[in-house]
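What follows is one structure encoded as structure tokens, with my remarks underneath.
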Amino acid sequence: MAVLVALAAALVGPASPAQAAVPASPAVTYTNPIAEKRADPHIFKHTDGYYYFTATVPEYDRIVLRRATTIQGLSTAQEVTIWTKHTSGVMGAHIWAPEIHFIDGKWYVYFAAGATNDVWAIRMYVLEGTGANPLTATWTEKGQIRTQWESFSLDATTFVVNGVRYLAWAQRDPSVNNNTDIYLAKMANPWTITGTPVMLSRPTYSWETVGYKVNEGPAVIQHGGKVFMSYSASATDSNYCLGLLSASASADLLNAANWTKSPTPVFTSNASTGQYGPGHNSFTVSEDGKSDILVYHDRNYKDISGDPLNDPNRRTRVQKLYWKADGTPDFGIPVADGVTPQRFSSYNFADRFVRHWEYRARIEANVSPLADSQFRVVTGLAGSGTVSLESANFPGYYLRHENFEVWLEKNDGTAQFASDASFHRRAGLADSAGVSYESYNYPGRYIRHYNYLLQVQAPSTATDRADATFYAQ
């Protein structure tokens, strides 16, 4: 019987092009930056349908909150100061890196602060808010989070794995000649750790020790039975970058041996896109709940005059976080300012994405680097309701057809290039949930793959139409 089924499938196959499932994580786009002069951003999506956003302000003197029903809406949302530094004593200076969480029916803000008599006596503190809306809640100080030492400590974040709540943070070990390591402990309540903290990561790689020996700003995301903890490394200038720790969600997270550390950074400055010092991130989810979103700060210039801490121009940015076939996160590159890019998977080869390879456009699986398969859908160079597909990692380079082959080429400013690089966005020829791109100057011809290479051809068969249909991711 199995042989007959297989034979029937083989006979039917050529007449019925394979169809990929509509992606579980369709494309989402945002326009960066989300907020100027806001560093160490934290965006929390609550069950009330609002995103809550807090970040470090350049004056280091207060904690601010804003909310909106969309991530983009945070850009223009009213900002409210919910707490101001003390005029003397502890919590009187360097108010840094607030995070907002909702735990057991109350709001909590974790932040770091120095003292008026010693601005570098940075410690971790907690505010508790009562009320449905944290912008109008009543806030009380729950005091300092006490750890194993009374030393420089900051960047507290909290998360739950298998019903257990943890706190991760950065702290200086007084016996070691470096700045900060990453620590983890269980929590007795939202402002108290319990048990002996474990050190998960110490800055030892060259990319973690530029300017300062720093591991800080932990942020946690869970996916596919694994726990991933990103963290920031090196000085807060253009050398700032993200590292990554990972562990099985079923492992003992308080055993450092169960964590694996990436030997290379996962997110770094990118001169092509004009983004420098990306770091101190958090994670949130898209409005439809189907995409993971990376939230971080960076600057749009490399060189800083004086101490980076005195430079106010770190901006809050967001972009989609992708997942590799092996279940690990792919951060890609900090994308250019403006609209964020998308990826396009083949309708009939679900694991293959449009990418450029030596400037030739093709479809391929397991694309590395990720940015080779990311394109910004921008206003068409030819206008007239068209779009153009701009490379994420080669800004100013566009997909264009030449002798009906699709290549990635730099815009030379000519009318011919503009026409060749412009397309009409159509509903997918094989599935209206997908997208097809019709040539602007050769109506009836569409971008399609043939032998995995992109061409511009006139589709006439079901297979042709399938080859010319893509899903935005």
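From a predicted model like this one, the values you see are computed outputs, not experimental measurements. Note that the numbering runs from 1 along the sequence shown for the chain. Computed over heavy atoms, backbone and side chain alike; hydrogens, waters and symmetry mates excluded.
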Side-chain contact test, heavy atoms from C-beta onward, threshold under 4.5 Å: evaluate it for Lys324 versus Asn366 and give yes or no. no
Can you confirm whether Tyr212 is buried at OH, in the sense that more than 12 heavy atoms of other residues, nucleotides or ligands lie under 6.0 Å from that atom? no
Any donor and acceptor pair, going by atom type alone, linking the side chain of Asn270 with main-chain N or O of Ser272 inside 3.5 Å? yes
Do side-chain atoms of Thr136 reach the backbone of Asn133 as a donor and acceptor pair under 3.5 angstrom? yes
What about Tyr52 and His42, are their ring centers closer than 6.0 Å? no
According to the interplanar angle, ranging from 0 to 90°, do the rings of Phe404 and Tyr442 count as parallel (below 30°), tilted (30 to 60°) or perpendicular (above 60°)? perpendicular
Any idea how Trp323 and His223 line up, ring-wise: parallel (<30°), tilted (30 to 60°), or perpendicular (>60°)? parallel
Between Ser248 and Ser250, is a side-chain hydrogen bond (donor to acceptor under 3.5 Å, both in side chains) present by the stated rule, with each step listed? CA-CA 5 Å; Ser248 169; Ser250 61; 2.9 Å; yes
What do you reckon, are the aromatic ring centroids of His356 and Tyr397 less than 6.0 Å apart? no
Donor-acceptor pair, distance only, cut-off 3.5 Å: does the side chain of Ser75 make one with the backbone of Ile34? yes
Ala219 to Ser282 - nearest heavy-atom pair and separation: CB-CA, 4.1 Å
Whether the side chain of Ser422 engages the backbone of Leu381 through a donor-acceptor N/O pair (distance < 3.5 Å, no angle test) should be reported. yes
Using a cut-off of 6.0 Å, state whether more than 12 heavy atoms not belonging to Tyr398 lie near its atom OH. yes
Does this structure show an ion pair linking Arg317 with Asp298, if we count only N-O contacts that are shorter than 4.0 Å? yes
Between OG1 of Thr340 and CD of Gln319, what distance do you get to the nearest 0.5 Å? 8.0 Å
Is the CZ atom of Phe331 crowded by more than 12 outside heavy atoms at less than 6.0 Å? yes
Evaluate the side-chain proximity of Leu454 to Glu405: yes if any heavy-atom separation is below 4.5 Å, no if none is. no
Distance in Å, Trp169 CH2 paired with Ile182 CD1, rounded so as to fall on 0.5 Å steps: 10.0 Å
So among Arg299, Lys302, Lys37, which one has a salt bridge (Lys or Arg N to Asp or Glu O under 4.0 Å) with Asp311? Arg299
Glu208/Lys261 salt bridge by N-O under 4.0 Å criterion: yes
Rounded distance [0.5 Å steps], CG in Asp330 versus CG in Leu321: 8.0 Å
Return yes when atom CG of Asp104 has more than 12 non-hydrogen atoms of other residues, nucleotides or ligands closer than 6.0 Å, and no otherwise. no
CZ on Arg314 to OG1 on Thr56, rounded to 0.5 Å: 6.5 Å
Phe228 side chain near Val220 side chain, heavy-atom distance below 4.5 Å: no
Quick one: does Ser232's side chain have a donor or acceptor within less than 3.5 Å of a partner on His280's backbone? yes
I need the Asn393 CG to Ile333 CD1 distance, nearest 0.5 Å. 5.0 Å
Would you please test Thr157 and Asp155 for side-chain hydrogen bond (donor to acceptor under 3.5 Å, both in side chains) and show each step? CA-CA 6 Å; Thr157 192; Asp155 296 349; over 6 Å; no
Is there a side-chain contact between Ser286 and Tyr30 in this structure, where contact means two heavy atoms from C-beta onward sitting under 4.5 Å apart? yes
Mark yes or no for whether Thr54, through its side chain, and Val64, through its backbone, hold a donor-acceptor pair below 3.5 Å. yes
Would Arg360 and Glu358 count as a salt bridge (Lys or Arg N to Asp or Glu O under 4.0 Å) here? Give the steps. CA-CA 6 Å; Arg360 183 70 168 92; Glu358 294 183 343; over 6 Å; no
Enclosure of Lys186 NZ (heavy-atom neighbours >12, cutoff 6.0 Å): no
Donor-acceptor pair, distance only, cut-off 3.5 Å: does the side chain of Lys320 make one with the backbone of Leu294? no
For the side chain of Ser432 and the backbone of Ala427, is there at least one donor-acceptor N/O pair under 3.5 Å apart? no
How about CG on Asn403, more than 12 heavy atoms from neighbouring residues, nucleotides or ligands closer than 6.0 Å, or not? no
Is it the case that Arg67 places NZ or CZ above or below the six-membered ring of Tyr51, under 6.0 angstrom from the centre and within 45 degrees of the axis? no
From the list Tyr452, Phe344, Phe470, side chain to side chain contact (heavy atoms under 4.5 Å, CB included) with Arg352 holds only for Tyr452
Can you tell if the side chain of Tyr231 reaches within under 4.5 Å of the side chain of Ser201, non-hydrogen atoms only? yes
Determine whether the aromatic ring centres of residues Trp107 and His101 are separated by less than 6.0 angstrom. no
Return yes if some donor-acceptor pair links the side-chain N/O of Ser346 with the main-chain N/O of Asn348 below 3.5 Å, else return no. yes
Heavy-atom check, side chain of Pro98 versus side chain of Tyr110, under 4.5 Å: no
Check whether any side-chain heavy atom of Arg315 sits under 4.5 Å from a side-chain heavy atom of Gln275, and report yes or no. yes
Would you check, one step at a time, whether the test side-chain hydrogen bond (donor to acceptor under 3.5 Å, both in side chains) holds for Tyr471 with Asp431? CA-CA 9 Å; Tyr471 290 120; Asp431 181 0; 2.5 Å; yes
Electrostatic pair Glu79:Arg38 at N-O distance under 4.0 angstrom: yes
Quick check against the 3.5 Å criterion: does Asp464 have a side-chain atom that pairs as donor or acceptor with the backbone of Ser460? yes
When rounded to the nearest 0.5 Å, the distance separating CZ of Arg445 from CZ of Phe423 is 12.5 Å
